[in-house]
Every structure is written in C-alpha cells, then in structure tokens.
Protein chains: 2
Amino acid sequence: MTVRGDAELIARAGHLFAGARHEFVCAARDLDTWSQPEAREAISGRMHADGTAGFVVRKLLTPSALADEASRRHLNEITAAGGRVRISSAPLPHETIIIDRRVMILASPEAPGPREFTVTTSPALVSGVHALFLAAWDNATDLAAYLSGDRPHLDDDNRAVLRALGAGYTDETAARGLGLSVRTYRRRVAELMATLEADSRFQAGLRAGELGLTG
Amino acid sequence: MTVRGDAELIARAGHLFAGARHEFVCAARDLDTWSQPEAREAISGRMHADGTAGFVVRKLLTPSALADEASRRHLNEITAAGGRVRISSAPLPHETIIIDRRVMILASPEAPGPREFTVTTSPALVSGVHALFLAAWDNATDLAAYLSGDRPHLDDDNRAVLRALGAGYTDETAARGLGLSVRTYRRRVAELMATLEADSRFQAGLRAGELGLTG
DNA sequence: GCCGGGGTGGCAGCTTGTTGCCATCGCATC
DNA sequence: GATGCGATGGCAACAAGCTGCCACCCCGGC
C-alpha cells in the first residue's frame with residue numbers, strides 16, 4: 001500500500017500508530033515526520049498511557065537529527081518518557097518505521113513533490129528489516145552518551161596524556177616526553193581517569209578505545 | 001511475490017541473480033542459501049565475468065557463518081574474487097539479498113517446512129532496506145580483520161579476564177571472583193596483553209575498546 | 001608590598017602490578 | 001610405576017602507579 005504525502009499517511013495509517021502495543025521502532029536521518037503533530041501525538045500518547053510496561057520506543061537517527069534545538073528537545077522528551085534514542089554514524093534510510101514487528105512504513109527516497117510512504121505487513125519483509133534494524137541499532141551509540149558527558153571534550157593537555165598512555169610509555173618516560181614532572185603527569189592521568197569515570201587505567205583505555213578517542 | 005523452497009526460488013528468481021549488474025548485497029546469519037549450487041554459480045559467474053569493474057558483492061554475516069570449514073573456504077573464495085565480506089556481532093535476518101538496489105529477496109523467519117522467500121521490487125522498500133543494510137555494514141568488521149590477527153580469538157578464560165579488567169576490579173578482587181589465585185590471574189592478564197601487543201594495561205584496554213571486545 | 005588561588009614539583013608511604021623461581025598437582029604417555 | 005608436560009599457586013623482589021602533604025612559583029587583585 002502506498003500513500004502520498006504526510007496528510008494521507010496520517011489519514012490512512014494513523015490508526016497503526018495509535019494501535020501500537022509493544023514496540024515502535026524508527027530509523028531515520030532526521031525528525032521531519034515528527035513535525036507532524038498527529039503522528040507524534042499518537043505515539044507519545046501511547047507511551048504515556050502504558051508507562052514503561054512492555055512498550056518500547058526506539059529511535060535510530062543520524063547526527064544531523066541533532067542539528068536544531070527543537071529536535072534535541074523532542075529527543076529529550078522521548079528519552080524522558082522512557083523511549084530510547086541512538087545515534088548512528090552511518091547513513092540511514094530517509095524513514096523506516098516498524099510497529100509491533102507487524103507493520104512497516106517506509107518513506108520513499110528523496111524526490112520532488114510530496115513524500116511517498118509504503119506500508120507493508122508481510123511478515124518476511126518486516127522481520128527481515130527488523131533484524132537489520134537491530135544490527136544497525138546495536139552498533140549505534142546512545143543519545144546520552146553521544147551528546148554530553150561520555151565523549152568528554154578533552155583539551156590538548158589531556159589529549160597529549162592520552163597519546164602517551166596509548167603509546168605504552170611508562171609514567172617516567174611519558175612525563176619526560178611531555179616536559180612534566182612525574183607527579184604532574186600522574187595528576188593528569190588521574191584527572192583523565194576521573195573524566196572517563198574509570199577505576200583503573202585499563203578501564204580508562206577501554207573507554208578511550210570505545211569512544212574512539214585515539215585520534 | 002512469494003516463493004516456497006529453494007528450488008522454486010531458483011526457478012522463479014534465478015534470472016535476477018544472473019542479471020545482477022552493479023551490486024549484490026546479502027545479509028544473513030550463515031551461508032545456508034549458498035549451499036544451493038545454482039544461485040552460487042550465477043553470482044560467482046557474474047563476478048568473474050565482470051572482474052572487479054563496477055560489480056560489487058557484499059556479504060554481511062554473523063560469526064556463526066564461520067563455524068565450519070566449508071563456509072570459511074567459500075568466504076575466502078568470495079574475497080579472492082573481489083567480493084567483500086564482513087562480520088557483524090549483532091543478530092542478522094535469516095537472509096536478505098538486494099540486487100542492484102532494485103530487487104530485494106527476503107527469507108521468512110525460521111519456520112517448519114520449506115523456507116519461504118519474498119521477492120520485492122518496490123523502490124521505497126528496497127532503498128530503505130538498503131540504507132539500513134549500509135548502516136549495519138558500516139559497523140561490522142572486515143572478515144580479514146575479524147579472522148586473522150586483528151581481532152584475536154579470545155577463549156572464555158580471556159574473555160572473563162577482559163570483563164574483570166573492564167569492570168575496574170583490582171587483581172585481588174578479580175582473581176577471587178574468577179576463582180583463581182592472584183598469580184594466575186596476573187599470568188592471564190600478561191597473556192592477554194601479549195595477545196593484544198600491549199605494553200601497558202592502558203594500552204590493552206585501548207586495543208580492546210577499539211576492537212569492540214567489550215561484549 | 002602583601003595576599004590568595006591555582007598550577008607545579010619533590011617527597012614519602014602506600015597500594016597495585018610484574019616477573020622469575022620453584023614446588024605442586026593432574027594427566028597423559030611410556 | 002616412572003616420566004614428562006602443562007597449568008597452577010605461593011613467595012619474593014622489584015617496578016610502577018597512586019595520593020596526601022607541603023613547599024614553591026607565578027599572577028592578578030587588594
């Protein structure tokens with residue numbers, strides 16, 4: 001089934017949004033669709049109605065979804081309501097929505113004129129795409145982690161320390177290389193570890209590696 | 001269009017395989033379908049016919065596809081012929097094939113009886129799934145990197161040690177938790193570090209993080 | 001000049017990690 | 001049963017890392 005334009009999507013498929021029972025997943029480049037108040041209402045209503053019990057909302061987006069303030073606010077609302085948001089560095093389809101693993105809604109590739117949406121219920125299609133979604137989801141980073149905190153802004157000093165640690169130098173060698181006393185170098189390391197919330201140097205390395213802080 | 005069983009798939013959709021011109025991508029848990037000689041022939045024939053020019057083969061698989069020797073051999077053949085193979089740690093659909101971004105073939109979820117395949121040509125569906133595939137692809141690791149060297153095969157022991165280190169325990173605590181003596185635990189850590197070619201625990205953590213060895 | 005705060009570095013004492021050495025144990029082989 | 005091999009664990013000595021304490025220096029404000 002194919003519908004043209006947002007209005008028709010709401011008219012013809014709005015009940016699908018409202019009828020979501022267990023799961024609502026969405027992969028998209030940004031939040032365009034969600035500017036449509038009707039769809040948003042339907043889902044957020046459902047989220048609030050069921051509380052957290054058994055209803056899962058997952059949104060997988062690209063960093064461009066964080067471009068404007070309104071989108072960030074909306075995403076924060078979602079997470080506040082128990083939804084989960086992740087950011088993928090890979091390009092994503094313009095819009096893919098899967099409801100309860102039964103219905104799938106795909107937006108057409110970018111084209112002039114009103115957007116087209118395809119609504120599918122074929123179990124093979126839906127479950128196949130759902131699995132692919134999970135694969136993409138698994139490797140994306142949590143919004144909270146992506147935004148603030150976890151990828152802390154490291155100044156040049158910290159970066160230098162990180163590089164020294166990553167090079168495998170002893171504190172002695174590293175401190176000499178950086179023109180610091182061992183005491184200060186260790187202070188820096190301790191600060192870095194605090195920033196990364198690591199209890200051990202190993203853990204700090206792990207976090208640094210996970211966050212791709214090597215460069 | 002839905003077909004039942006491998007034989008019918010070949011009969012009804014074999015020409016699609018043979019007609020692939022630009023791209024052949026495939027996401028699957030393992031290589032079951034490829035036990036079908038006809039489909040394999042069609043694609044490998046195409047691959048050899050065109051050489052590397054303009055024809056791309058991509059296979060995204062789970063580690064379980066590497067379980068038996070025959071599969072590994074086949075994957076090596078693919079890469080030797082210019083195809084690209086990656087391994088994803090996330091679960092994947094039972095089988096998803098996209099040809100030239102125009103045709104998509106999905107296997108039904110596991111069920112008794114012959115497998116069902118759904119063949120779709122809807123541009124919206126195909127391009128949407130293709131984008132999801134790319135997102136999953138982007139975050140998977142190359143077969144070569146996965147197999148040899150880069151991602152060393154860690155046995156359960158090593159994994160346990162890795163987890164303990166990642167948890168930030170002291171050696172004392174970790175050893176007790178694993179039911180080992182501190183001496184042996186440290187031996188394990190030393191082995192792990194040797195495997196990761198790390199000079200310090202920090203470096204080991206860094207490597208582990210980079211290689212996604214956390215899970 | 002005087003003061004106070006922040007970053008630095010030396011020192012000391014402690015914890016943690018690293019490694020070699022050797023005794024022991026289980027196990028398979030001879 | 002004897003032998004050898006690999007894995008283990010205790011011990012010890014050393015290296016490395018961690019941190020509190022204090023002295024120092026630089027700088028900006030009083």
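These numbers come from a predicted model, not from an experiment. Hydrogens, waters and symmetry mates play no part in the numbers below; they use all other heavy atoms, side chains included. Protein chains get the first letters and strands the later ones, always in sequence-line order, with residue 1 at the start of each.
- Formation of a donor-acceptor pair under 3.5 Å by the A:R86 side chain with backbone atoms of A:W137 is found in this model.
- Note: CG (A:L178) to C1' (C:dT8) measures 15 Å, nearest angstrom.
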>> For a quick check, with a 4.0 angstrom heavy-atom cut-off, what is the B/S/- contact string for nucleotides 5-16 of chain D, read 5' to 3'?
In response: ---BBBB----S

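- Proximity of A:E95 to A:I97: side-chain heavy atoms (C-beta onward) are separated by under 4.5 Å at one or more points.
- Atom P of nucleotide C:dT18 and atom CG of B:D199 are separated by 11 Å, given to the nearest angstrom.
- The residues A:R207 and A:E197 are annotated as not salt-bridged, no charged nitrogen and carboxylate oxygen being separated by less than 4.0 angstrom.
- With respect to the salt-bridge test (charged N to carboxylate O, under 4.0 angstrom), the residues A:D171 and A:R176 do not qualify.
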> Between B:I105 and B:T96, is a side chain to side chain contact (heavy atoms under 4.5 Å, CB included) present by the stated rule, with each step listed?
Replying inline: CA-CA 6 Å; B:I105 300 168; B:T96 302; over 6 Å; no

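- Distance CZ (A:F202) to P (C:dT18): 11 Å, rounded to an integer number of Å.
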